[in-house]
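Comments concern the structure below.
In listed order, ligands and their atoms are each counted from 1. By convention here, the first residue in the shown sequence is residue 1. Computed from heavy atoms alone, side chains included, the values below leave out hydrogens, waters and symmetry copies.
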Amino acid sequence: MIQIPKGCKDVLPSQAYLWQYLEQKARETADMYAFREVRTPVFEHTELFARGVGDTTDIVNKEMYTFLDKGGRSVTLRPEGTAGVARAFIEHGLAGGVLPFKAYYLISAFRYERPQAGRLREFHQFGCELYGAAGASADAEVISLADAFLKRLGLKKVELQLNSIGCKHCRARYHQALREYFAPHLSELCEDCRVRYEKNPMRMLDCKVEGCKTVAANAPHMLDYLCEDCRAHFEEVKRLLSAAGVAFTVNPSIVRGLDYYSRTVFEFVSDAAGAQGTVLAGGRYDTLLEQMDSKPVPAVGFAAGMERLLLVMEAEGCLPIAPQGVACYLAGMDASSREKAFLLAQQLRAAGIPCETDLMERSVKAQFKYADKTGARFVAVLGERELEEGAAQVKDLRNSSSERVNFGELADYIKGRS
Ligand code: ATP
Ligand code: MG
């Protein structure tokens with residue numbers, strides 16, 4: 001038997017309402033902030049991610065699903081959403097259009113990782129992107145959108161952690177300080193971190209290997225190296241968030257796993273669902289578009305991991321209840337009443353009433369059982385006598401009461417009661 005690839009998950013019809021709920025809450029929140037949906041391809045030229053995500057990141061070095069297509073081009077299943085949106089923004093010349101550009105996406109993303117709870121190979125993200133605004137109000141807007149989304153889901157125990165990782169000017173001094181700090185510990189670090197030491201020392205703070213984490217715990221903080229402008233920007237972000245009632249704590253060890261971040265970085269973290277605690281993460285990336293050969297355009301955004309959100313929602317008791325079955329099940333007894341049930345169902349649907357009828361040639365008793373199991377509200381029974389009278393016997397499964405209802409009045413009867 002062929003099985004699902006490792007690290008992937010099916011969403012069966014009985015569970016799909018959870019995803020629809022989550023997506024609906026995302027769309028509702030984005031609407032409130034006037035972010036519009038953007039859809040980009042599932043795969044892109046590999047070069048886009050190498051440049052956009054950064055070639056010192058775990059994503060590019062270890063986690064990408066890359067293959068040659070039949071034309072011999074190297075393509076990659078998107079490991080995240082930002083690079084594709086940035087490409088589209090540049091390719092369609094949107095910097096010359098209405099700014100700020102505000103877009104959101106609901107996507108699946110692909111990373112070759114070791115599967116565990118909250119860590120999959122195909123996973124899903126809700127992400128937002130805001131391009132064109134350099135000021136702290138844009139950071140505060142995007143963070144408050146993220147906060148509003150989590151609140152709309154009913155989550156209460158997710159904590160916002162905030163940091164600034166400065167700009168390329170102040171970061172140069174910080175990199176030097178980091179190298180000085182890590183130099184005597186190089187032999188205790190993992191192989192990756194020794195490469196990071198040379199290429200991008202800040203990445204060492206994001207290492208998940210225990211030994212490296214221990215060393216990194218006492219490393220100097222970027223916050224102590226911020227230049228005047230970056231400091232003022234960070235202060236303003238914090239001030240606006242406080243004024244808006246968005247609670248946060250400053251966590252100097254957040255650096256994020258992607259190369260394109262500058263200044264503000266943030267994570268919404270929960271301890272409700274085990275080890276994979278970061279449910280939503282983002283920041284400012286003012287150099288990303290430049291990195292992709294566009295003129296510089298400041299940008300800020302985030303991505304939320306949907307699987308992790310569902311785990312945390314379950315832990316916090318915020319999952320929605322399963323939807324009801326159809327408003328009306330039409331049960332037929334013999335050939336002609338079954339046909340009438342089939343036709344009445346069409347009429348009820350035309351009147352906007354979800355309904356179904358037997359497709360399995362079952363007995364009336366078995367049809368009732370089915371209607372009950374699937375959570376139907378009413379069952380309209382049709383037999384020889386009902387056809388003669390032009391009326392169905394309608395049973396309300398909630399209270400077992402039963403009434404005769406003319407075929408012509410059936411739609412109104414059900415509408416009035418469900
Ligand atoms: P982590 O440190 O947990 O690996 P990351 O820094 O790689 O996360 P991002 O690239 O910032 O994650 O992605 C944003 C969000 O997407 C994460 O905060 C997380 O909720 C989710 N996410 C990332 N990778 C996975 C994965 N493999 N499976 C499920 N969700 C994921
Ligand atoms: Mg990761």
Side-chain angles (χ1 to χ4, degrees), residues 5-9 11 19 22 26 49 52-54 56-65 76-86 104-129 142-143 146-147 149-150 153 155 158-163 165 192 196 200 202-210 212-213 216 251 253-261 264-285 288 299-315:
K6 199 173 159 185
C8 298
K9 272 201 173 139
V11 177
W19 284 88
L22 196 49
F49 301 115
V53 178
T56 65
T57 60
D58 278 357
I59 293 180
V60 170
N61 287 329
K62 301 181 192 164
E63 299 171 358
M64 292 208 304
Y65 276 91
T76 295
L77 301 183
R78 64 178 165 219
E80 51 99 58
T82 294
V85 176
Y104 76 90
Y105 55 79
L106 284 161
I107 60 168
S108 54
F110 306 84
R111 298 185 193 177
Y112 194 79
E113 300 205 67
R114 196 171 63 78
Q116 46 198 295
R119 194 176 289 286
L120 292 128
R121 291 185 173 173
E122 182 189 24
F123 64 101
H124 296 79
Q125 290 187 330
F126 163 52
C128 286
E129 309 276 339
V142 162
I143 293 171
D147 184 65
F149 170 54
L150 300 175
L153 294 175
L155 295 171
V158 181
E159 189 188 281
L160 168 58
Q161 301 186 353
L162 198 63
N163 192 23
I165 57 169
D192 286 339
R196 292 171 183 139
N200 189 350
M202 213 163 64
R203 183 94 319 111
M204 300 163 85
L205 303 178
D206 206 30
C207 186
K208 303 210 163 61
V209 176
E210 281 309 320
C212 302
K213 274 195 198 167
N251 178 351
S253 63
I254 291 181
V255 295
R256 309 290 310 116
L258 283 69
D259 273 1
Y260 48 55
Y261 287 105
T264 314
V265 288
F266 57 91
E267 294 188 3
F268 284 83
V269 183
S270 166
D271 52 19
Q276 315 306 327
T278 303
V279 294
L280 185 155
R284 177 166 279 285
Y285 26 95
L288 172 66
V300 52
F302 69 79
M306 310 276 268
E307 284 81 1
R308 289 186 199 179
L309 278 173
L310 286 174
L311 289 174
V312 172
M313 285 164 71
E314 186 178 13

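- Heavy-atom distances between Lys208 and ligand 1 reach below 4.0 Å in at least one pair.
- Each of the atoms 13 (O), 14 (C), 15 (C), 16 (O) of ligand 1 lies under 4.0 Å from some heavy atom of Gln125.
- Residue contacts with ligand 1 do not include Glu80, since none of its heavy atoms lies under 4.0 Å from the ligand.
- Interface of Leu120 with ligand 1, defined as ligand atoms under 4.0 Å from a residue heavy atom, comprises 26 (C), 27 (N), 28 (N), 29 (C).
- In terms of polar-atom proximity, Gln276 is not counted as a contact of ligand 1, lacking any N or O under 3.5 Å from an N or O of the ligand.
- We find that Lys208 and Asp58 are not joined by a salt bridge, their nearest charged nitrogen and carboxylate oxygen being 4.0 Å or further apart.
- In the model, Gln276 has a side-chain atom that pairs as donor or acceptor with a side-chain atom of Gln116 under 3.5 Å.
- The side-chain contact (heavy atoms from CB on, under 4.5 Å) test with Phe268 singles out one residue from Asp147, Thr278, Val312, and that residue is Asp147.
- The local environment of CG in Asp271 is sparse, with at most 12 non-hydrogen atoms from other residues, nucleotides or ligands closer than 6.0 Å.
- For ligand 1, the atoms lying closer than 4.0 Å to a non-hydrogen atom of Arg119 are 1 (P), 3 (O), 4 (O), 26 (C), 27 (N), 28 (N), 29 (C).
- At a heavy-atom distance under 4.0 Å, no atom of Arg121 approaches ligand 1.
- Of all non-hydrogen atoms in Gly81 and Ile107, the two that sit nearest each other are CA-CD1, 3.7 Å.
- If you check the side chains of Tyr285 and Glu129, you find a donor sitting under 3.5 Å from an acceptor.
- With atom 23 (C) of ligand 1 as the reference point, the heavy atom nearest to it among Met306, Glu113, Glu307, Arg111 is part of Arg111.
- Applying the salt bridge (Lys or Arg N to Asp or Glu O under 4.0 Å) test between Arg119 and each of Glu113, Glu63, Glu307 identifies Glu113 as the sole match.
- The option from Gly283, Ala281, Gly118 that lies nearest to atom 29 (C) of ligand 1, judged by heavy atoms, is Gly118.
- Residue Val279 approaches ligand 1 through these ligand atoms, each under 4.0 Å from one of its heavy atoms: 20 (O).
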